[in-house]
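Okay, structure first, notes after.
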Amino acid sequence: MKCFEVYKNYCQALDLKFSEKIMERLGQFGDDKATGNRSAGSKACYEAAKYLYCKFNEAGLTNVSMDKFQVNGWTYKGANLSYTDDKGLLQKIILGGYASTIKAVNEEVIIVDGGRGTIDELKALGDIKNKLVLVSVINPLSDYWINLPSYEAYLHDAKGILVALTWNIEHDDILISFDLQAPAYCSTLAISIKDVKTLKNLINANPNKEIKAIFNADSLVEPYADSYNVVGEIKGKTSEVIYLIAHYDGYYHSFFDDANGVSLMLGISKAIIKSGYTPMKTIRIIAQGAEEWGQGYKDYDWACGSYYEIEKIHPEWKETAFALINLDGNFPIANEKNYRIYSSYELYEYIRKFIKLFMSNSSYNYDVVCPGLILADDFSYYKNGISTLMSGEDFDNSIYFENYYHSTMDSKKAGFDINTYEMIHKLYGRILFELDYLPIKPLNFNTRFEIMKKELLPSIVSNDLENTINDICITSKSLSKVIQSINCCYINLFESKDSIACKSINKKSHYINLMLFKLLKKIQDTILAFRWKQDINTLAFPHSVAMNNIALLTSAISSLKIRSESLKDIVEKYIKPIDNNEFVFEFSKKTYDFFSYRIPYGNSDSFGSNMIKKANEDLYELAHSLKSKYDEPNPNVADEIKILENSLKKQRDYLKKISTKEIEDMKVIITLMNNIIAAIDQ
C-alpha cells in the first residue's frame, strides 16, 4: 500500500469524539474539589491511571500494563483563608497547592506582606515566626523561581508563603502553581493576584501591618508512594520501536497540559488500528506519571516517570528505540496559530524539512527549534540515547503560555478549537508514518557539533580542542550524508516496488541502527552537560560553562583594573551570570549555599544527575563587597581583583582538565562514526 493511501485511511479513521472525551475526563480527576490537582502518588492520579488502562485497551492497544515506580507522594486536598473585610463581612479565599506539607484546621494565623520574598523584605518584617507571608507578584520565567523565597521564609521560621505568580499577560483571578524545587518542609501555597491585593490593602490599613485570618490546609508530601506509567503497543513487523508519550498528572484540572497529549496519542493509536495498517516498527504508547513533580528534595524534581521507565524499569528499551515523540504541547486553544516542535540535535534537519513541506499551505505557523528542552519527559529518553521530538510552544508568543500555563484557567473555558485538534492528530500521525517507513534513523550528528564549533571562544580554549571539534564536524557531516543517502535510496526503491533491494537494506538496518544508538549514547554520556540556569538554553557542552566563566571573569578583572565601567555594571554584566550568582543580592548566604551545593551534588536518581559538571564559583561575598563600594568616588578594589584572579585560575585549571577528557571522548566518537560509515557503504 502506498504511503498516501495509508495516511488517507488513517485520517478517515480518526475519531475526534473519542479523543476529546478522554481529554475532558482526565481533567475531572482531582484530589481537591475546589481546584482539582492530580499529583504523583495521590488517589486522583491512581484513579486516572486506572481509567487510562481501560482506555488503552478500548483503543485496541496490546500488552497493556501499569508500570509501577516509587516517588515522593503529594496529595493536595485544598486550602483556604477566611477573613473579615473592611466592611466587616466574612470573606473566603481559595488557595492552590505546591508540593509541600502544610496542615491546618480552623487555625487562627497572622498574615504579613513579604513583598517579593527577598531577604531584605523579610528582615524588614521583624519576627515572622509562624506567620503566613504574602509573596507577589513573580513571573517565574523571567524572575526567580519559587524555591528561593520559599526557602528564605523557612529560614525565618515562617509558617509558609502564599505566592502569587503571573505570566506575560496578568490575570487577577487565577491561581498558578509549579514544581517547588525546595524541600517539602518549605510550606508554600498559591494565591491569586486579586486576593493578594485585597489582603495587602487590609494589611496596610492595620497599624501593626498584619491581619488575622482563619486558615485551613491539607497538603501532604510523603517520602514513599507509588506512581504508574501506563503502557500499550501496536505490534510492528520488526523489533524496533517508535514511542509516543504524554503525561497524565497535572496541576489544577490540566485540560490542556497534558490531558491533550494523552488524548492525542490514544486517538492516533485508535485510528492506526482501525485503519488496518500494520506498522513496520512497534509503536509503544506511554502515559507518563509524575511528570510535573515526583521528588521533593531535588532541583530536578520533575519528569520522574520517564526517568524511572527508561533508567530503572525498562533500560533494555533504549537499544531498540527508533525515535520518540512527546506530545506535551501544541495545545488546541482557541485562536492559537503559533506552534513549535522542539527537536533533539540529531532530528532537527529531518523534522525541519518535513514541517516546511507538510505545513506549506497551512494557516498555522510552525517553528522547529533545536536543541530540545530539559523541561519535559522526552529529555530522560534523549539522555539515554533515543532521538526525540516534542510538540510545544514559544513561551513568549503563545496564548496558553502567556495566559494560562499551570493555572486554574487550564480548562475548556479557555477555549477549545476542534479544527486545531484535528490538525494536530493528522500532523503527528503523519510524522509517525514517515518515521515508520524509514529503515535507518534519520539522524544528522553534524548539527550538534556545528553548534559547538559556533559557540567556541578560540581565544580561551586550547588549539587541540578547537582542532578536534573541526575534525568531528567533518566526520559527522560525512556520516549524516551517508545516512540521508541510504534513506533516500530506500524510499525510491520502495516507491518503484523493488522489494528485493528494499529487503537488502532492511536486512542490515537493525545492525546500523544499533550502531547509531551506541554512538548517540556515547555522545550523551560524554558531550552533554547543563548550564546552571534552568531555561530553554540549559543544554551545553562540558567545556561551555568554564569557557564562558573565563570570558566573564577576564572582563570583570580588566574593567576593575582600568575602571572602564561602574562597579554596578561590572557586577551585573560579569559577576551575576557566573554559575549560581544571579540572585546574590536578593537572598541570604544560607539560601545561596543550600542550592549552590545541592544543584551539582544533590540530584542523584534524577535526570539531572551529574549534568552540572563542576562546583559553583562562589562570588556571593565578592558581589556584596563590590556593592558596598558603589557610591565611593575612588573605591579600592585590589582585594576583589585578587579574589577574581583566583577564581579565574580555578576556571582555567578546570577547563584544561575537562577539555583533555572531551578531546579523548570526541576521538572515540569519530572512530564510531567512521565505523558506521563503513558499515553503511558495505
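Values reported hereafter were calculated over all heavy atoms of this structure, with side chains retained and with hydrogens, waters and symmetry mates removed.
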Going by atom types alone, do [X] and [Y] pair a side-chain donor with an acceptor below 3.5 Å?
X	Y	answer
Y307	E291	no
S192	D195	yes
N365	N338	yes
S177	Y252	yes
D410	Y400	yes
E586	T118	no
R340	Y342	yes
E311	N384	yes
T198	N201	no
D257	H247	yes
D299	Q181	no

Inset, instruction - Decide yes or no on side chain to side chain donor-acceptor pair (under 3.5 Å) for W74 and S219, but give the supporting numbers first. - result: CA-CA 7 Å; W74 173 38; S219 179; 3.0 Å; yes

Is there a side-chain contact between [X] and [Y] in this structure, where contact means two heavy atoms from C-beta onward sitting under 4.5 Å apart?
X	Y	value
F215	E108	no
Y630	V571	yes
H171	I193	no
L199	I93	yes
Y405	S398	no
L180	S150	yes
P183	F594	yes
L619	S647	yes

Under the side chain to side chain donor-acceptor pair (under 3.5 Å) test, which residues partner [X], sequence neighbours left out?
X	answer
T538	none
S136	K200
S254	none
K194	none

Between [X] and [Y], does any side-chain N to carboxylate O distance fall below 4.0 Å?
X	Y	result
R116	E121	no
E662	K667	no
K209	D113	no

Which atom pair, heavy atoms only, marks the closest approach of [X] to [Y]?
X	Y	answer
G294	V71	O-CB, 3.3 Å
E210	I203	N-CG2, 3.8 Å
E617	D579	N-OD2, 2.8 Å

Inset, instruction - Sorted by first residue and then second, give each salt bridge (Lys or Arg N to Asp or Glu O under 4.0 Å) pair with at least one member in residues 525-546; sequence neighbours left out. - result: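 Counting only pairs at least two positions apart or across chains, the salt bridge (Lys or Arg N to Asp or Glu O under 4.0 Å) contacts touching residues 525-546 are E455-R531, K521-D525, K533-E582.
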
For the rings on [X] and [Y], is their centre-to-centre separation under 6.0 Å?
X	Y	value
F583	F595	no
F530	Y300	yes
F178	W167	yes
F607	F379	yes

Legend entry - Axial cation check for F585 ring with K627, 6.0 Å and 45° limits: yes

Taking atom [atom1] as the centre, does [X] end up with more than 12 heavy-atom neighbours from other residues, nucleotides or ligands that are less than 6.0 angstrom away?
X	atom1	answer
K589	NZ	yes
D631	CG	no
R598	CZ	yes
K657	NZ	no

Inset, instruction - Determine the sole option in I176, V163, I146 for which the side-chain contact (heavy atoms from CB on, under 4.5 Å) test with P140 is passed. - result: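 Answer to the side-chain contact (heavy atoms from CB on, under 4.5 Å) test with P140 among I176, V163, I146: I146.
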
Using 0.5 Å steps for rounding, measure from the [atom1] atom of [X] to the [atom2] atom of [Y].
X	Y	atom1	atom2	value
Q651	I658	CD	CD1	12.0 Å
E664	T468	CD	OG1	10.0 Å
L162	L132	CG	CG	5.0 Å

Inset, instruction - Given salt bridge (charged side-chain N to carboxylate O under 4.0 Å, His left out), test D157 with K131 step by step and report yes or no. - result: CA-CA 8 Å; D157 295 321; K131 297 179 182 179; over 6 Å; no

Sub-3.5 Å donor-acceptor pair from the side chain of [X] to the main-chain atoms of [Y], do we have one?
X	Y	answer
S588	I119	no
S606	N603	yes
S100	T188	yes

Inset, instruction - Going by the side chain to side chain donor-acceptor pair (under 3.5 Å) test, name the single residue among N580, T591, D618 that passes it with S596. - result: N580

Inset, instruction - Please report the C-alpha distance between T101 and S187 in whole Å, then the side-chain angles of each, then the deciding distance to 0.1 Å, and finally whether the side chain to side chain contact (heavy atoms under 4.5 Å, CB included) criterion is met. - result: CA-CA 6 Å; T101 293; S187 301; 5.6 Å; no

Legend entry - Parallel, tilted or perpendicular: rings of Y144 and F587 (30°, 60°):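 Correct class here is perpendicular.
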
Inset, instruction - Describe, in one word, how the ring planes of Y251 and H406 are oriented to each other, choosing from parallel (under 30°), tilted (30 to 60°) and perpendicular (over 60°). - result: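 The arrangement is tilted - the two ring planes meet at 30° to 60°.
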
Inset, instruction - Could you walk me through whether Y348 and Y345 pass ring pair (Phe, Tyr, Trp, His ring centres under 6.0 Å), step by step? - result: CA-CA 5 Å; Y348 172 71; Y345 292 107; 9.3 Å; no

Would you list the atom pairs, donor with acceptor, under 3.5 Å between side chains in residues 555-563 and any protein atom, with sequence neighbours excluded?
residue	atom	partner	partner atom	Å
S555	OG	A551	O	3.1
S559	OG	S555	O	3.0
S559	OG	E565	OE2	2.8
K561	NZ	E645	OE2	3.2
R563	NE	L560	O	3.0
R563	NH1	P635	O	3.3
R563	NH2	P635	O	2.9

Inset, instruction - Applying salt bridge (charged side-chain N to carboxylate O under 4.0 Å, His left out), run through E466 and K453 and close with a yes or a no. - result: CA-CA 8 Å; E466 186 177 5; K453 182 178 178 179; over 6 Å; no

